[in-house]
Amino acid sequence: MTVNQISVFLENRTGQLADITAVLSENQIDLRAISMAETASYGVLRLIVDDPQKASAVLLEKGFIITMTPVEAVLVPDRPGGLSELLAAVSKADIGLEYMYSVIDRESSNAFMILKTGDNAKLAETLEKNGFRTV
Amino acid sequence: MERYYQPEIECASREQILSWQNERLVKQVRNVWDHVPYYRKKMEEKGVSPDDIKGVEDLHKLPFLTKDDLREAYPYGLLAKPLGDCVRIQSTSGTTGKRVVAFYTQHDLDLWEDCCARAIMAAGGTNEDVCHVCYGYGLFTGGPGLNGGSHRVGCLTLPMSSGNTERQLQFMVDLGSTILCCTPSYAAYLAESAIEHGVRDKLKLKAGIFGAEAWSEEMRQDIQNKLGIKAYDIYGLTEISGPGVSFECSEQTGMHINEDHFIAEIIDPNTGDVLPDGTKGELVFTSITKEAFPLLRYRTRDICVLTREKCSCGRTHVKMSKPMGRSDDMLIIKGVNVFPSQIETVLMEQGYPANYQIIVDRVNHSDTLEVQVEMTPERFSDNLGKITEMEKELVAALKAMLGIYAKVTLVAPKSITRSEGKAVRVIDKRKI
């Protein structure tokens, strides 16, 4: 399933991350997954939350710069080689990955991968065809 | 023993110097009136004609020229000679996108190089010396000026230009450089590198001529001790000719202005009134011998003091202190003139918000420049590569405008302090 990921611009300054999580916490927003990409001088924080609309509204209100990006959340088979099978299928379909990160679902103890590609529709179709469950 | 390149001029009596100045000024004002419509118009607006200028005492009647005039008259508006008579252009930064270009006839190059030769001989240079010039060559006047002066003295000249420190050191050692010409910060860096590479004892340096940026007495002592040389200051600006407008002698208590070519005044930067010798104010130069680009009453924006006390070196020309600051917002970074407005121009062109901050510092004797600019929602992307690309483009555009590297830091929106009234754009952390 395609989910809306929120990307937030991070200045290289102590407390930037804490400021963001504080805003989310004050607004009772639940963080599902979090990932960070950074260079020496700035970063991009990527968030999957329970209520993306609300989260983006409160972050914008606090003056953060954000953007919404559609990404795929896929269940990874819980066995050795599970991720490898998933990536092999993506690769075979000639879909280029921009980035990915993992998240564990606390209720089911399942591992999910968040995938970002240039073509979400093709990715969804490929995953389905190969029997992967997206959530 | 004090050496002079042109003793009859450098040690001339005050009466003689004044008489040269009177005669040359009258001639130059007439020349500019006849050949530079831009300045003639300024004179007419002020109600002054060449007949009103009978000598140096009338200089104050003439209108000023500023960097804004150079921009307005760019490129040929202040030229007093046909282009066919000009043989060289040098250039320095303007306040915005347009650079300042200065023209030289062969006569102008000759007098400029004479001035540099005086500086080199004042630093003890002779035809036995190996003069190592690592000022930049090209449009920047540092390299070409000292290079020409070195030829005139008869030194064996090494036109090294800037950069490539290992090669600089190797040539210094292998070819026995005795006089070093560069910015003081590069001299300090070379000194440290020489010690690091273990070649300090193999150097034959005896003197250094260091200019194009501000440096303190402490820095002088540091360079002198580390390199075992005597370090001399030199001053100049492209608009007036280049390095060698004034230079230090063995006394090291100020720089003698070459008054046979340039008349110096100190004015109140706010009112434009001429201030007496010994008072701190803005330095103004009038070129009385230049042919192609003869600026009259050009405001340097450098704040300093003139003194006419007798100098132990025997020179009689007036001395100026090291510049103590600026009456405008120009920064000198790594010897390069930088105006905040230039940076602003680039940011605007690249579509960044006007809210920015410039941070200048000196790390290990070398200047650093950082431009902080706020990220905007339009420019933000989930793709880190795109942001990095954007940052690189800005760095390249700044380099093209300023000629030096500026580190770009993208910061969160509204994180740069908005002050009431005039924004604080520049934070200069250098302790000079």
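So you know, we letter chains A, B, ... as the sequences are listed, proteins then strands, and number each from 1.
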How far apart are the closest heavy atoms of [X] and [Y], and which atoms are they?
X	Y	answer
A/Thr67	B/Ser381	CG2-C, 4.1 Å
B/Phe380	A/Ile65	CB-CG2, 3.3 Å
B/Pro413	A/Gly63	CG-O, 3.3 Å
A/Ser7	B/Asp382	OG-OD1, 2.5 Å

[atom1]/[X]: more than 12 non-hydrogen atoms of other groups inside 6.0 Å:
X	atom1	result
A/Glu128	CD	no
A/Lys122	NZ	yes
A/Lys54	NZ	yes
B/Tyr189	OH	no

With a 4.5 angstrom heavy-atom cut-off, is it the side chain or the backbone of [X] that approaches chain B, or both, or neither?
X	value
A/Gln5	side chain
A/Thr69	side chain
A/Leu10	neither

Do B/Leu410 and A/Phe9 touch side chain to side chain, with heavy atoms closer than 4.5 Å?
yes
Would you call B/Glu391 and A/Tyr42 a side-chain contact if the rule is heavy atoms closer than 4.5 Å?
yes
Counting distance only, does the side-chain N/O of A/Arg13 pair as donor-acceptor with the main-chain N or O of B/Val411 below 3.5 Å?
no
For the interface with chain A, which of B/Asn383, B/Thr376, B/Val408, B/Ile387 has the highest count of heavy-atom pairs at distances below 4.5 Å?
B/Ile387
Looking only at A/Glu98, A/Glu38, A/Gln16, A/Arg46, most heavy-atom pairs under 4.5 Å shared with chain B are made by A/Arg46
Looking only at A/Ile6, A/Ile66, A/Leu45, most heavy-atom pairs under 4.5 Å shared with chain B are made by A/Ile66
